[in-house]
Participant: 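This structure is in structure tokens; I'll ask about it shortly.
Note on naming: letters A, B, ... go to the chains in the order of the sequence lines (proteins, then strands), and numbering restarts at 1 for each one.
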There are 2 protein chains.
Amino acid sequence: MAKRITILGSTGSVGENTLDLIRHAKPGEFTVTCLTAHTNAVKLAKQALEFKPQNIVLSDESQKDYLRDALAGTGIEIGFGRMALIEAGRLEADFVMAAIVGAAGLQPTLAAVQQGCYIGLANKECLVCAGVLFMQCAQQYGATILPVDSEHNAIFQVLNAERPDEVRKLILTASGGPFRQFSKQQLENASPKQALAHPVWAMGDKISIDSASLMNKGLELIEASYLFDTPQEQIDIIIHPQSIIHSMVEYVDGSVLAQLGSPDMRTPIAYALAWPARMETSVKPLDLAAIARLDFELPDTEKFPALGLARNALITGGAAPTVLNASNEIAVAAFLAGRIKFTGITDCCDNVLNVFENEPGFAKPLEAIEQVLDIDGRARETASAIIAKQGLG
Amino acid sequence: MAKRITILGSTGSVGENTLDLIRHAKPGEFTVTCLTAHTNAVKLAKQALEFKPQNIVLSDESQKDYLRDALAGTGIEIGFGRMALIEAGRLEADFVMAAIVGAAGLQPTLAAVQQGCYIGLANKECLVCAGVLFMQCAQQYGATILPVDSEHNAIFQVLNAERPDEVRKLILTASGGPFRQFSKQQLENASPKQALAHPVWAMGDKISIDSASLMNKGLELIEASYLFDTPQEQIDIIIHPQSIIHSMVEYVDGSVLAQLGSPDMRTPIAYALAWPARMETSVKPLDLAAIARLDFELPDTEKFPALGLARNALITGGAAPTVLNASNEIAVAAFLAGRIKFTGITDCCDNVLNVFENEPGFAKPLEAIEQVLDIDGRARETASAIIAKQGLG
């Protein structure tokens, strides 16, 4: 029986790579049930014509006519708008790739989780903003969360989840980003252009900046903590500029198990898609002799305060990770717009966290997704207000 | 219930490390059933007094009186000689550590395999000289072979044996030995003293020389091929001087899984002892940031012909690996005695293989352990004769 696949966010990079793997898989291995996109109606229509899903959904209602024309006579059902997106998560499938970027992915992914199917998780916010809630929901409905982020996928591949007592540490690797060897002075004056030049992975603007500030690794630390139910003090971060070892697990007997590979998202996506089996990919095989050398160093937590902010957010718990994530998004946008300095990003997050810390119940476990969305929204407003008022550089 | 442990070869380095792990394990986790040694009666007596096994065996019958006196009144049964050693393998146990060095370990280990218990395999000859026979025997009697050699243990830890079709390659790492950067000229004139100075592991003389000639890696290639039922063309060898990555498995999706750790035999021994669980050890945790750098390069197969000899022995099959191993042992002894040059070791092996190649049935699968012992003996004689006649120096 073919595995029925829904892709929430099929026109982004994870979505496209997922479809590429399906395109080249053995015939009959996968069938596409539903594809969704935010605004890219042209690409969505093209994908729908190729993969013939039963349903597609576009968030952007203004493009109804274009999409209906493009798919006239195909019999593909087309939905529009936010509610249709959530409904897409509920359509019966064996595997849902949750690849919608940002807080918008939260509700559709939760809808998919409630099916109790396999979830390829590429959306960060489900774990960063709603980690406890999300994992509780997955457990309640019997969904299997298969992380697609290369670091978490690496850990998932070498973690024996059935024997948590035998795990001593999770070790997340970080490329260190383009500012790894910058001085504090250079960091202050770093431009968006410099920050966007990631040494290994070609990524979107937001994640490139997060990689430069190490906030990306901070957010991954939060994700790992919730996903693998591991306290932050048992999660190490190590700088590994070549990004060949994607992450590791240290066991009580002294063994460290690692997943390595060429930096290509198709490997973790294929692992999630085919789990518990593995599927052939055309990813360039790892050639360690050609790479010749792998380096490692401890991160400079003073130069990169994002790591400390993330650890503290985990220690505080409750809404702290949600606030950190929201304020970071606003600050990154302000940095890209030239409104604050690079070092102002973490300053902004720190300030917003300080404001929220005084709210009663801030550290209490989040209880509902509406609460997450409310705090997320208010943290964004606070961040914007702080940036507008203080300038932060 | 405590796991009942027999150690065949308890006074060697693997045996001692095994007892050290048992000594520091949780109370009630292990009980020692039987210990055996070749000649070291003093150490065996000491171990017996500490671990109180039901039986001990010493190969060397000349020390009967000493051992009986030392253990008078303990109720420990003491056996002597070769037959008692084989009987020791038959004593009921849950786990037998097969740590006898050389061809002498073959029959006791096979006796243990016929119990159908867990076998910690540290003896090379079982796989190198009798690979097909040994694995057939393990399958027939339902024994589980848990490799203790750090490379094979690493592969065992990250290999999904239930899905062999998903494995693309096994990748054995090699330190490269002390002559990695020697010229051909330097190799010819290399002294035993130079060859014994291994950069990473402290080992016995024979294995140090094998490490210098890369014959050790050649023999491990043969072991891996039989143990994991993988043809030689699917097993790569890569030089990795720091010996931190102990070996790897490459999968069809592009993932490479690796086991890393401080170079300490207690980790693979603990993994075998506790399998399918893991036990706490006091092995120094891996500190990649302190190590800072891992290097990789392809082996120079022209400078180190041992790798080609081993691959050819696997391609030929039958008695070829047995002949290679036997002739190498004789040649290494001759090199250590100053009778042949370093490069004469592989020349000798090549010559002996050429002699045996003409024997009818040379490439046919070995059918009985007696045949293995016969060929092993004759290969040694041929090697000695060649060295005496030609000098190879």
Participant: Pick whichever of A:Thr281, A:Leu257, A:Val256, A:Val249 has the most heavy-atom pairs under 4.5 Å with chain B.
Facilitator: A:Val256
Participant: Check each atom of B:Pro276 against the heavy atoms of chain A and say whether the ones under 4.5 Å are side chain, backbone, both or neither.
Facilitator: both
Participant: Taking A:Arg278, A:Arg293, A:Glu166 one by one, which has the highest count of heavy-atom pairs under 4.5 Å against chain B?
Facilitator: A:Arg278
Participant: Looking at chain B, which one of A:Asp295, A:Ile244, A:Leu294, A:Val283 has the largest number of heavy-atom pairs inside 4.5 Å, strictly under?
Facilitator: A:Leu294
Participant: Tell me which of these, B:Ala274, B:Ala289, B:Pro285, B:Ala154, has more heavy-atom pairs under 4.5 Å with chain A than the rest.
Facilitator: B:Ala289
Participant: Give, as side chain, backbone, both or neither, the part of B:Ala277 having an atom under 4.5 angstrom from any heavy atom of chain A.
Facilitator: both
Participant: Name the option with the most non-hydrogen atom pairs under 4.5 Å to chain B; the candidates are A:Asp165, A:Thr267, A:Leu298.
Facilitator: A:Thr267
Participant: Counting only heavy atoms from other residues, nucleotides and ligands, does the tally under 6.0 Å from CG of A:Asp229 exceed 12?
Facilitator: no
Participant: Taking every heavy-atom pair that is under 4.5 Å apart, which of A:Ile245, A:Ile291, A:Leu21, A:Leu260 has the most such pairs with chain B?
Facilitator: A:Leu260
Participant: What part of B:Arg266 gets closer than 4.5 Å to chain A, counting heavy atoms only: side chain, backbone, both or neither?
Facilitator: neither
Participant: Output the option from B:Gly261, B:Ala270, B:Ala292 having the highest count of non-hydrogen pairs under 4.5 Å with chain A.
Facilitator: B:Ala292
Participant: What residue in A:Ala258, A:Gly254, A:Pro268 has the most heavy-atom pairs under 4.5 Å with chain B?
Facilitator: A:Ala258
Participant: What part of B:Gln259 gets within 4.5 angstrom of chain A, counting heavy atoms only: side chain, backbone, both, or neither?
Facilitator: both
Participant: Under a 4.5 Å heavy-atom cut-off, does chain A meet the side chain of B:Ile238, its backbone, both or neither?
Facilitator: side chain
Participant: Can you check whether A:Leu286 reaches B:Glu250 side chain to side chain, under 4.5 Å on heavy atoms?
Facilitator: no
Participant: After noting the C-alpha distance and the side-chain angles of A:Leu288 and B:His240, does the key distance pass the side-chain contact (heavy atoms from CB on, under 4.5 Å) rule?
Facilitator: CA-CA 10 Å; A:Leu288 274 177; B:His240 166 40; over 6 Å; no
